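What follows is a short report on a single structure.
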Number of protein chains: 2
Amino acid sequence: MSTVEGRVDGMSLRHAMLGLLADRPASGYDLMKRFETSLSNVWPATQSQVYGELGKLTKAGLLEVAAEGPRGRKEYAITDEGREELRRWLTEAAPDPVRRSDVLLRVFFLNHLTPVEATAYLMGEAERAAGQHQALEEVERNVDWGDDPLSVNGRLALEYGLRFMAMREEWARWAVEELGRTRR
Amino acid sequence: MSTVEGRVDGMSLRHAMLGLLADRPASGYDLMKRFETSLSNVWPATQSQVYGELGKLTKAGLLEVAAEGPRGRKEYAITDEGREELRRWLTEAAPDPVRRSDVLLRVFFLNHLTPVEATAYLMGEAERAAGQHQALEEVERNVDWGDDPLSVNGRLALEYGLRFMAMREEWARWAVEELGRTRR
DNA sequence: TTTTGACATGTCAGAGTTGGAATGTCGGCG
DNA sequence: CGCCGACATTCCAACTCTGACATGTCAAAA
């Protein structure tokens, strides 16, 4: 009964918040900053969502207001029940994520463009991927990799991003070639 | 005024439908079948969405009812304006898609599990990726690759999937090792 | 002939997401 | 002292997406 109602699939925002608060208590404002920095590439969230969810999670007993500060600041802390839910989510089998991909969707309809235009699109994809790859390398250089467990996970995620962007670029370049081959 | 109102970012469902109808006219029912087969891994859609969108697109002048058939069947065809919009979407620079990834979100909070549990999660990821890779290879074998431009694009998309799953598996196995290293 | 299954469309409630606006407080700098 | 910028919360309108429900027609097999 107490396990937050609308179950199962999405709503990972909840778990993102539980995960952040499991490290240490924080206010909505603090959480926002963390969503804007470390989590921005993994799970973006807006103010309205964060504050709304704080309310729901508190009402559901997964969080509690641990302290009140200066400007109406409310510092939220995870409860034991919240920790349980976090663990449950972390250990449950992740459902195959059927992701939507507008990049691939465009690829599906590339035949409605001229070969030149289609090639240009794919080259653009390659360059975008390369650009993001560079951006991630930049991040890698600028983050001070302490030994804290936090940044261990961050490193894993970053590596995922690097590999993903490399793959995207390689695929796009391969696709350009392929398009050239079949055109003849 | 006629360019469908709520612009810009998402709503690629619209363009998926325009893309499908650009090949040949079809009913909502026909479209559903194509969303369930070829497009299911790229852009899943439900009945309610498809029929709803058919109405909106028709009202917006991007589609028209070309013919009516037996069981209330309405066959929709793309209009010139619709073709324009499709081309516009295909050639416009795709915005960097900031995707949400619940897989990575979990990775971020892996430190709230025991090393054994965390490793199990990553191994599971590797196996899921391997499974999906196999499934795609299965698809590759079973599709008859004619020369029609349709399946050319399909092949590009399929290859993307294969490379993506391979990357995911490799990354997960790497992450397991990495976790083992830092634990010591 | 009856019944089943494929064809075919439509509506709805609820959750999630976005983006913006409105409001107010405190600390420190000039 | 007065003001600005950072801190901090709350509410809202609009849209998308999901999943279920409701309804009806036609063709062919049993």
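So that the names make sense, note that chain A is the first sequence line, chain B the second, and so on, each numbered from 1. Everything numeric here is computed off the predicted structure, so don't read it as measured data.
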Find the distance [X]:[atom1] to [N]:[atom2] and express it as a whole number of Å.
X	N	atom1	atom2	result
A:His15	C:dA15	NE2	P	15 Å
A:Tyr76	D:dC7	OH	C1'	15 Å
A:Leu54	D:dT10	CG	P	9 Å
B:Glu36	D:dT18	CD	P	13 Å
B:Met32	C:dT9	CE	P	11 Å
A:Tyr29	C:dG27	OH	C1'	13 Å
A:Met17	C:dG16	CE	P	13 Å
B:Lys56	D:dA14	NZ	P	14 Å

- Task: Could you check B:Asp30, B:Leu21, B:Leu20 and say which one makes a side chain to side chain contact (heavy atoms under 4.5 Å, CB included) with B:Tyr76?
- Result: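 Exactly one option meets the side chain to side chain contact (heavy atoms under 4.5 Å, CB included) with B:Tyr76, and it is B:Leu21.
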
Candidate nucleotides [options], ranked by approach to the side chain of [X] - the nearest:
X	options	value
A:Leu13	C:dT17, C:dA8, D:dT10	C:dT17
A:Asp30	D:dA8, C:dT18, C:dG10	D:dA8
B:Thr46	D:dT18, C:dG10, D:dT16	D:dT18
B:Tyr51	C:dA8, C:dT17, D:dT16	C:dA8

Do the side chain of [X] and the main chain of [Y] share a donor and acceptor less than 3.5 angstrom apart?
X	Y	result
B:Thr58	B:Glu64	no
B:Glu117	B:Thr114	yes
A:Tyr121	A:Val116	no

- Message: Would you say A:Lys74 places a side-chain N or O within less than 4.0 Å of OP1 or OP2 belonging to C:dT25?
- Response: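 Answer no for this pair, as no side-chain N or O of A:Lys74 is under 4.0 Å from OP1 or OP2.
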
- Looking at B:Gln49, does any N or O in its side chain come under 4.0 Å of the phosphate oxygens OP1/OP2 on D:dT18?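 Checking B:Gln49 against D:dT18: at least one side-chain N or O falls below 4.0 Å of OP1 or OP2.
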
- Task: Provide the closest heavy-atom pair for A:Ser12 versus B:Asp102 in the form atom of the first, atom of the second, distance.
- Result: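 Looking at all heavy atoms of both residues, the closest pair is OG-CB, 3.9 Å.
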
- Message: Can you give me the closest heavy-atom contact between A:Phe109 and B:Trp89, atom names plus distance?
- Response: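 That closest heavy-atom pairing would be CD1-CZ3, 4.3 Å.
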
- Message: Under 4.0 Å between a side-chain nitrogen and a carboxylate oxygen: does that hold for A:Glu140 and A:Arg155?
- Response: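 Not counted as a salt bridge, because no side-chain N and carboxylate O are separated by less than 4.0 Å.
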
- Task: Would you mind checking if A:Glu137 and A:Arg141 are paired as a salt bridge, meaning a charged N to carboxylate O distance below 4.0 Å?
- Result: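 Salt bridge: no.
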
- Query: Checking only heavy atoms, does the side chain of A:Ser48 share a donor-acceptor pair with the base of C:dG20 at less than 3.5 Å?
  - Reply: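 Yes, the side chain and the base share a sub-3.5 Å donor-acceptor pair.
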
Could you write out each protein N or O paired with an N or O of nucleotides 21-23 of chain C at a distance under 3.5 Å?
none

- Minimum side-chain heavy-atom gap A:Ile78-A:Met17 below 4.5 Å: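 No. Closest side-chain heavy atoms not under 4.5 Å.
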
- Message: Taking the side chain as everything from C-beta on, heavy atoms only, tell me whether B:Ser27 gets closer than 4.5 Å to B:Lys74.
- Response: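 No. Closest side-chain heavy atoms not under 4.5 Å.
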
- Task: Using five pairs at either end of the helix from C:dT1-D:dA30 to C:dG30-D:dC1, determine the angle between the two local helix axes and round it to 10 degrees.
- Result: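 Between the axes fitted at each end of the helix from C:dT1-D:dA30 to C:dG30-D:dC1 lies an angle of 0°.
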
- Query: Is the number of heavy atoms from other residues, nucleotides or ligands within 6.0 Å of CD (B:Glu177) greater than 12?
  - Reply: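 Atom CD in B:Glu177 is not crowded, with 12 or fewer foreign heavy atoms closer than 6.0 Å.
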
- Item | Strand contacts (DNA chain D) in residues 66-73 of chain A, 4.0 angstrom heavy-atom criterion |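 Residues of residues 66-73 of chain A under 4.0 Å from DNA chain D: A:Arg71, A:Gly72, A:Arg73.
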
- Tell me which of A:Pro44 and B:Gly28 sits closer to the 5' end of DNA chain C, going by the nucleotide each one is nearest to.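 The 5'-side residue here is B:Gly28.
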
- Message: Return the OH to CE distance between B:Tyr160 and A:Met167, rounded to the nearest 0.5 Å.
- Response: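 CE of A:Met167 is found 4.5 Å from OH of B:Tyr160.
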
